[in-house]
Trainee: 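Below: one structure in structure tokens.
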Amino acid sequence: MDNLINNEESNKNSTNIYPTNFIHEIIDEDNKTGKFNNRVQTRFPPEPNGYLHIGHAKSICLNFGTAQKYGGKCNLRFDDTNPTKEDVEYVDSIIEDVKWLGFDWEERLFYASDYFKQLYEYAVQLIQSGNAYVCSLSPEEIRETRGTPTKSGTESPYRTRSIEENVDLFEKMKNGKLEEGQCVLRAKIDMTSPNMNMRDPVIYRIKKASHHRTGDKWCIYPMYDYAHCVSDSIERITHSICTLEFENHRPLYDWFLEKLKIFHPQQIEFARLNLSYTVMSKRKLLTLVEENFVSGWDDPRMPTISGLRRRGFTPESIRYFSELVGVAKRDGMIDVSLLEFALRDDLNKRAKRVMAVLKPLKVIITNYPEDKAEELEAINNPEDLSMGTRKIPFSREIYIEKDDFKEIPPKKYYRLYPGQEVRLRYAFIIKCEDVIKDKSGNITELHCTYDPDTKSGSDKTGKKVKATIHWVSAQHSITAEVRLYDRLFTIEDPASDEKDFRELVNNSSVEILKDCRIEPSLSQAKNGEKFQFERLGYFCVDSIDSKENNLVFNRAVTLKDTWVKIENKSSQ
RNA sequence: UGCCGGGUCGUCUAAUGGUAGGACUACGCCCUUUGGAGGCGUCUGUAGAGGUUCGAAUCCUCUCCCGGCAGCCA
């Protein structure tokens, strides 16, 4: 009985670490039947033509996570078969991002271009077995003869060329004797197939372009459908996991491997990730970069891994998010609030608390001595007392958040207003006595009194206040820039809108605050370091623009804010 | 009008012929020296119609809806 309970417990635990999904069920079944000798080998196969985004992160976590769960391996393989679109800049960024996410491909860093020679030889085999031919139709003619989804295509007049002629022409293609567009190598399958991918798809095309790895060695390059399945086969991939749009390609994937009679991995498709209020297509992301809607691929508003990293996301939070979204074949849209939840959940446990005033309002504590300053003890993280405490300076003049004062308090407003008392976090209870304004009626400062007997930790007065607000000492605090980010698009699904996505960009997706006041301990903050600014949110030192004497913080995510909800409700 | 794949709370995702559950969101309450965190609770769901069955989200039939496919892109 005890054993049974323990087993159930441990099963539960392992389920928590590796949540199951339909792909793992397939693998379980394969392991039962011994299909791949109980071996599990996956791969993450990006094309180096853009930066990785959160959708790729899901795929990375799935592929590496699946390998981990089954004691297998996951390769990193660049699908670099189109030199005109690819670049080492992207290779480098992808390597950095996958590593940062916490995954290790050990020595298994591969490129489809590593296999160009083998791919070529296999193509010759296809010709020799009568399964491929060189087609001299123009690109336009190929398109015209392909038919449409509802109308079958017609066979190319070059389909019946002799094997010798095909071998000869293919060699000429390889040797640069023929020009781009003059001919291609095609698989000989079925021009009447209801699956367009099977209507004699192109295997090789001529591209007299320099490749970022093979240079000018090749002037013919294999197409995805051919290169991908063969690359998987060469690497002895067992489960080739890809997104739904390749489902129609699976018959072709299988066809090549059957004709070549080589190791046959199983392709499995799952639904790609869509996130609300952003776009995920590389083309659109590139447009945002090129047309300066954002500052670059790593702009903190971008859904790219590098953007999220700069924004303040942690690898842990992204991996957790990937777990939360699940894996299925149903197309869907994940609410960005789930991503934010994953980050808060992580940072709540780990981020050091600190006080920062974003929109400062000066407060003079009139009954506090002018020349006095004292140090108060603050807890670094109430969720984790092992993170210790620190000292924060307190003095007669402090800054509080403008929002924490209202001359005329709305209903349910608990913070400062004339005559009202609040506690200063880790310090004293103060009471607002006077509101000082300039000639035009703007509030310039508050005069308050404090109760010396209410010091945090040693308050014996039993006084109760409705609110605790954050603050910094005016003379001790330092100035910093803080960037507040909001969603990049104004609507949930920019891709589905009839308007061009450029028109849907949120014009106020960033607010830059230059005169924020932060507690002095922050002068030591390192680039990339993350903090909770108490009551405000989680912030990350910007890794690009922040300098020792000019700190810049990015707001990664706000804290949940009950007051905002109350405020919104009463204003409706 | 072709082929392929999908339709379970607002959003994701479980239940694999046997109590429709979880997470996020929203709302409410408790707690709180962060209006944070935490705790408790509530709301809301099997696209439709038939059928098989003691019993159907699950199997069968039909209908409806959504996505993908006509690059010498991946």
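Numbers restart at 1 for each chain; the letters A, B, ... are given by sequence-line order, proteins then strands.
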Trainee: If you pin A/Leu324 and A/Lys58 to their nearest nucleotides in RNA chain B, which one's is more 5'?
Mentor: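 Taking each residue's closest nucleotide, the earlier one in sequence belongs to A/Lys58.
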
Trainee: Considering only the C1' atoms, how many Å lie between B/U44 and B/C12, rounded to the nearest integer?
Mentor: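 My reading of the C1' atoms in B/U44 and B/C12 gives 15 Å.
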
Trainee: Taking CZ from A/Phe22 and P from B/C12, how many angstroms apart are they, rounded to a whole number?
Mentor: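 Distance check: A/Phe22 CZ to B/C12 P gives 16 Å.
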
Trainee: Take atom CZ of A/Phe428 and atom P of B/U33, then tell me their distance rounded to the nearest Å.
Mentor: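 Taking CZ of A/Phe428 and P of B/U33, I get 18 Å after rounding.
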
Trainee: Need one value for A/Gly457: base, sugar-phosphate or nothing, where a base atom within 4.0 Å counts as base even if backbone is also close, heavy atoms only.
Mentor: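 The answer is base, as A/Gly457 lies within the cut-off (heavy atoms under 4.0 Å) of a base atom.
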
Trainee: Taking atom C1' in both B/A14 and B/G22, what distance in whole Å separates the two?
Mentor: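 Taking atom C1' in both B/A14 and B/G22, they lie 7 Å apart.
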
Trainee: Find which nucleotide of RNA chain B each of A/Gly326 and A/Thr150 is nearest to by heavy atoms, and output the residue with the more 5' nucleotide.
Mentor: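 Its nearest nucleotide being more 5', the pick is A/Thr150.
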
Trainee: Taking CE from A/Met355 and P from B/U33, how many angstroms apart are they, rounded to a whole number?
Mentor: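 Taking CE of A/Met355 and P of B/U33, I get 16 Å after rounding.
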
Trainee: Ring centres of A/Phe428 and A/Phe394 under 6.0 Å apart?
Mentor: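 Yes, close enough.
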
Trainee: What is the distance, rounded to the nearest whole Å, between atom CD of A/Gln532 and atom P of B/A37?
Mentor: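 Result: 9 Å.
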
Trainee: Does A/His228 have its ring centroid less than 6.0 Å away from the ring centroid of A/Tyr224?
Mentor: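 Under 6.0 Å, so yes.
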
Trainee: With sequence neighbours excluded, tell me which residues meet side-chain hydrogen bond (donor to acceptor under 3.5 Å, both in side chains) with A/Arg555.
Mentor: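 For A/Arg555, no residue satisfies side-chain hydrogen bond (donor to acceptor under 3.5 Å, both in side chains) once neighbours in sequence are set aside.
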
Trainee: Measuring only the P atom in each nucleotide, how far is B/C24 from B/G7? A whole number of Å is fine.
Mentor: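 Rounded to whole Å, the distance is 24 Å.
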
Trainee: Examine distances only and state if a side-chain atom of A/Arg319 and a backbone atom of A/Cys61 form a donor-acceptor pair shorter than 3.5 Å.
Mentor: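 No, the answer is negative, given that no donor and acceptor are paired below the 3.5 Å cut-off.
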
Trainee: OH of A/Tyr538 versus P of B/G36: gap in Å, rounded?
Mentor: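 It works out to 12 Å between those atoms.
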
Trainee: Would you call the rings of A/Tyr413 and A/Tyr417 parallel, tilted or perpendicular if under 30° counts as parallel and over 60° as perpendicular?
Mentor: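 Aromatic pair A/Tyr413/A/Tyr417 classed tilted.
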
Trainee: What distance, rounded to whole Å, do you find between the two P atoms, one in B/G17 and one in B/A56?
Mentor: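 Roughly 14 Å separates the two P atoms.
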
Trainee: Could you state the CG-C1' distance from A/Asp404 to B/G36, rounded to the nearest angstrom?
Mentor: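 It is 13 Å, rounded to the nearest whole Å.
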
Trainee: Have a look at A/Arg415 and say if it touches a base, only the backbone sugar-phosphate, or nothing, with a 4.0 Å heavy-atom cut-off.
Mentor: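 Base contact.
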
Trainee: Which is true for A/Tyr414 with a 4.0 Å heavy-atom rule: it touches a base, it touches only sugar-phosphate, or it touches nothing?
Mentor: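 Touches a base.
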
Trainee: Given atom CD of A/Glu534 and atom C1' of B/G36, what is their separation to the nearest angstrom?
Mentor: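 A/Glu534 atom CD is separated from B/G36 atom C1' by 8 Å.
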
Trainee: Side-chain contact test, heavy atoms from C-beta onward, threshold under 4.5 Å: evaluate it for A/Leu424 versus A/Thr468 and give yes or no.
Mentor: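 A/Leu424 vs A/Thr468: side chains apart.
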
Trainee: Does a side-chain N or O from A/Lys565 land closer than 4.0 Å to OP1 or OP2 of B/A26, or not?
Mentor: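 So the side-chain polar atoms of A/Lys565 do come within 4.0 Å of the phosphate oxygens OP1 or OP2 of B/A26, strictly under.
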
Trainee: For the side chain of A/Lys569, starting at C-beta, report the closest nucleotide among B/C27, B/G6, B/C24.
Mentor: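 Of B/C27, B/G6, B/C24, B/C27 is nearest to the side chain of A/Lys569.
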
Trainee: With no hydrogens and no angle check, just 3.5 Å: does a side-chain donor-acceptor pair link A/Tyr51 and A/Glu89?
Mentor: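 Their side chains do contain a donor-acceptor pair, which is all the 3.5 Å distance test asks for.
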
Trainee: Taking the side chain of A/Leu559 as heavy atoms from C-beta outward, which of B/G36, B/A23, B/U13 is closest to it?
Mentor: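 Output: B/G36.
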
Trainee: Using the P atom on both, measure B/U58 against B/G51 and round to a whole Å.
Mentor: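 To the nearest whole Å, 14 Å.
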
Trainee: Using whole Å, report how far CG of A/Leu343 lies from C1' of B/G36.
Mentor: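 A/Leu343 atom CG is separated from B/G36 atom C1' by 15 Å.
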
Trainee: Could you tell me whether the side chain of A/Glu383 has a donor or acceptor atom within less than 3.5 Å of a complementary atom in the base of B/G36?
Mentor: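 Result: at least one qualifying N/O pair found.
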
Trainee: Work out which heavy atom in A/Leu185 is nearest to a heavy atom in A/Met173; give both atom names and the distance.
Mentor: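 So the minimum-distance heavy-atom pair works out to N-CE, 3.8 Å.
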
Trainee: B/G21 and B/U8: how far apart are their C1' atoms, nearest whole angstrom?
Mentor: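 Approximately 11 Å lies between the C1' atom of B/G21 and that of B/U8.
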
Trainee: Between A/Ser337 and B/U11, is there a contact of a side-chain N or O with OP1 or OP2 at under 4.0 Å?
Mentor: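 No, because none of the side-chain N or O atoms of A/Ser337 sits under 4.0 Å from OP1 or OP2 of B/U11.
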
Trainee: So A/Val327, base contact, sugar-phosphate only, or nothing? Heavy-atom distance under 4.0 Å.
Mentor: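 Sugar-phosphate, no base atom in range.
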
Trainee: Say you pick atom C1' in B/U11 and the same atom in B/G45; how far apart are they, in whole Å?
Mentor: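 Each nucleotide's C1' atom is 12 Å from the other's.
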
Trainee: Are side-chain heavy atoms of A/Asp403 and A/Trp563 found at a separation under 4.5 Å?
Mentor: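 A side-chain contact under 4.5 Å is absent here.
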
Trainee: Identify whether the glycosidic angle of B/G50 places it syn (within 90° of 0) or anti.
Mentor: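 It is anti.
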
Trainee: For nucleotides 65-74 of chain B, just jot down a letter per nucleotide in 5' to 3' order: B, S or -, based on protein non-hydrogen atoms under 4.0 Å.
Mentor: --SBSBSBSB

Trainee: With a 4.0 Å cut-off on heavy atoms, is A/Phe78 in touch with a base, just the backbone sugar-phosphate, or nothing at all?
Mentor: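 Answer is nothing: A/Phe78 stays at 4.0 Å or more from every strand.
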
Trainee: For A/Asp384 and A/Lys349: C-alpha separation, side-chain torsions, deciding distance, then whether salt bridge (charged side-chain N to carboxylate O under 4.0 Å, His left out) applies.
Mentor: CA-CA 7 Å; A/Asp384 178 6; A/Lys349 291 177 225 144; over 6 Å; no

Trainee: Regarding A/Leu424, tell me which of base, sugar-phosphate or nothing describes its non-hydrogen contacts under 4.0 Å with the strands shown.
Mentor: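 A/Leu424: no heavy atom of the nucleic acid under 4.0 Å.
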
Trainee: How about A/Phe313 and A/Phe321: are their ring centres within less than 6.0 Å of each other?
Mentor: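 No, too far apart.
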
Trainee: Counting runs of three or more consecutive pairs, Watson-Crick or G-U wobble, with each distance below 3.5 Å, where are the stems of RNA chain B?
Mentor: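 Counting only runs of 3 or more consecutive pairs, the stems involving RNA chain B are B:2-7 with B:64-69, B:10-13 with B:21-24, B:26-30 with B:38-42, B:47-51 with B:59-63.
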
Trainee: So do the side chains of A/Glu374 and A/Lys455 get within less than 4.5 Å of each other, counting heavy atoms only?
Mentor: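 Side chain of A/Glu374 against side chain of A/Lys455, heavy atoms only: contact under 4.5 Å found.
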
Trainee: Taking N and O atoms by type only, does the side chain of A/Arg330 place a donor or acceptor under 3.5 Å from a partner on the base of B/U13?
Mentor: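 Donor-acceptor pair under 3.5 Å: no.
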
Trainee: Quote, to the nearest angstrom, the C1' distance that separates B/C64 from B/G28.
Mentor: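 Nearest-Å result for B/C64 against B/G28 at atom C1': 38 Å.
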
Trainee: Can you tell me whether the side chain of A/Ser456 and the base of B/U33 have a donor-acceptor pair closer than 3.5 Å?
Mentor: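 It does, because a donor-acceptor pair links the side chain of A/Ser456 to the base of B/U33 below 3.5 Å.
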
